[in-house]
Amino acid sequence: MSAPKIWPFYKKPKPPPEVVHEVDLANPDGSAANYPQYWKRNTLVIDLSGVSGAGSVAARLPADTTWPVRVAVRVRPGSVEQLEVVGEERSVVSVSREGVEPIDLELANSVYRQGTGALYITWGAMPQFAEAPVAPDPGFVSPTEVPKSSTETAPESSSDNSGAGAGQIISPADASKAQPSPPPGS
C-alpha cells in the first residue's frame, strides 16, 4: 500500500526529463541515430546510457545554430570503459566501473566551439597495452662499441704500458713527443 498524499513526508516523484532535439545524431554508416537528448539546466545531455560494447555516433548541428554552452554525455558505469570525443580537440575519458546510476561526463569547452561542424563520439573498451619483458641490465655499454655476446670473454688487461688505451698513464715527457706542435702564429 502506498503512502497517502496528505502525509508531510510524501514527495511527488520527479517527472522524467523532457526529450529535445538540439543536435542531429548519425551512425557511422550515415543513418540517423536515435539517442535521447535532454536539457539539464544549461547543459545539453546526450544520453548514451543504453549503449554497451563498442560503437560511435556523430553529433552535428542543424543549419544556422551554434553549440550550447555546455555539452555532456550520459553513460552507465560498467557498460563502457572509455569515451572518446573528437571535435576541435580530442578528449578521452575513462568511465568508472563502480556504481549503477548513469553518470554525466561534461565535455571540456576546448573540445568544441560555436562553429564546430560535428562532434565524433566513440565508446568501447579501454585499450590494453602489453608490457615488454624487462631484460637484465648488462651494465655500461659504450654506444660506439658493438655489443658483445655473452659467450665472448672480455680482453685481458696487460700490465705493461706498451698497448695504447684510454686507461694507460702517459708521462708528460712522453706526451709532448706524441703531440704535434701547434702551427706558428697561433
Side-chain angles (χ1 to χ4, degrees), residues 1-138 141 143:
M1 181 171 180
S2 66
K5 294 181 182 182
I6 57 171
W7 288 13
F9 54 86
Y10 175 77
K11 283 189 175 180
K12 194 184 241 185
K14 283 186 178 181
E18 183 180 333
V19 177
V20 296
H21 180 81
E22 295 293 324
V23 294
D24 297 328
L25 300 174
N27 291 317
D29 62 359
S31 64
N34 190 16
Y35 297 110
Q37 303 169 36
Y38 307 108
W39 281 109
K40 184 177 180 181
R41 295 188 176 158
N42 66 346
T43 305
L44 176 66
V45 178
I46 300 171
D47 190 356
L48 299 177
S49 61
V51 301
S52 63
S56 63
V57 67
R60 294 186 179 95
L61 284 174
D64 301 327
T65 59
T66 58
W67 287 98
V69 175
R70 294 181 180 150
V71 177
V73 178
R74 180 175 291 164
V75 292
R76 186 171 298 280
S79 63
V80 296
E81 294 178 358
Q82 177 175 303
L83 187 75
E84 176 183 3
V85 180
V86 179
E88 296 292 323
E89 288 183 355
R90 177 177 178 248
S91 176
V92 179
V93 180
S94 62
V95 179
S96 171
R97 295 179 187 190
E98 307 290 321
V100 293
E101 293 295 317
I103 55 174
D104 294 342
L105 302 172
E106 190 170 324
L107 305 180
N109 292 337
S110 59
V111 173
Y112 60 94
R113 295 187 185 140
Q114 288 184 353
T116 302
L119 293 177
Y120 300 96
I121 304 167
T122 308
W123 61 88
M126 184 81 64
Q128 300 296 320
F129 297 105
E131 292 187 22
V134 178
D137 186 17
V141 177

Between V80 and G53, the two heavy atoms sitting closest are CG1-O, 3.9 Å
Checklist entry - Looking at side-chain heavy atoms only, is the closest gap between V71 and T43 below 4.5 Å? => result no
Looking at N34, I want to see if its CG is surrounded by more than 12 non-hydrogen atoms of other residues, nucleotides or ligands under 6.0 Å. no
Determine whether L119 and L107 satisfy the following criterion, side chain to side chain contact (heavy atoms under 4.5 Å, CB included), listing intermediate values before the conclusion. CA-CA 11 Å; L119 293 177; L107 305 180; 4.0 Å; yes
R97 meets the side-chain hydrogen bond (donor to acceptor under 3.5 Å, both in side chains) criterion, sequence neighbours left out, with E81
Residues 61-79 vs salt bridge (charged side-chain N to carboxylate O under 4.0 Å, His left out), sequence neighbours excluded, gives R70-E106, R74-D104
So, Y38 side chain and P16 main chain: donor-acceptor pair closer than 3.5 Å or not? no
Rounding to 0.5 Å, atoms OH (Y120) and OG (S56) come to a distance of 10.5 Å
Note to self: Between S91 and V111, is there a side-chain heavy-atom distance shorter than 4.5 Å?
What the structure shows: yes
Q | Pair Y35-V57, side chain to side chain contact (heavy atoms under 4.5 Å, CB included): steps then yes or no | A | CA-CA 9 Å; Y35 297 110; V57 67; 4.0 Å; yes
Rounded to the nearest 0.5 Å, the CG atom of L105 sits from the CD1 atom of I46 at a distance of 12.0 Å
Applied to residues 41-60, the salt bridge (charged side-chain N to carboxylate O under 4.0 Å, His left out) test, sequence neighbours excluded, yields none
Per-pair distances, 0.1 Å, donor-acceptor, side chain in residues 18-30, under 3.5 Å, sequence neighbours excluded:
from: H21; atom 1: NE2; to: D24; atom 2: OD1; distance (Å): 2.8
from: E22; atom 1: OE2; to: W39; atom 2: NE1; distance (Å): 3.4
from: N27; atom 1: ND2; to: S31; atom 2: OG; distance (Å): 3.2
from: D29; atom 1: OD1; to: S31; atom 2: N; distance (Å): 3.0
from: D29; atom 1: OD1; to: S31; atom 2: OG; distance (Å): 2.8

Report task. Just say parallel, tilted or perpendicular for the rings of W67 and Y112, cut-offs at 30° and 60°. Result -> tilted
Could you pull out every donor-acceptor pair under 3.5 Å between side chains of residues 82-90 and any protein atom, sequence neighbours left out?
from: E84; atom 1: OE2; to: R90; atom 2: NE; distance (Å): 2.7
from: E88; atom 1: OE2; to: T116; atom 2: OG1; distance (Å): 3.1
from: E89; atom 1: OE1; to: S110; atom 2: OG; distance (Å): 2.8

For P77 and V95, the nearest pair of non-hydrogen atoms, with its separation, is CA-CG1, 4.1 Å
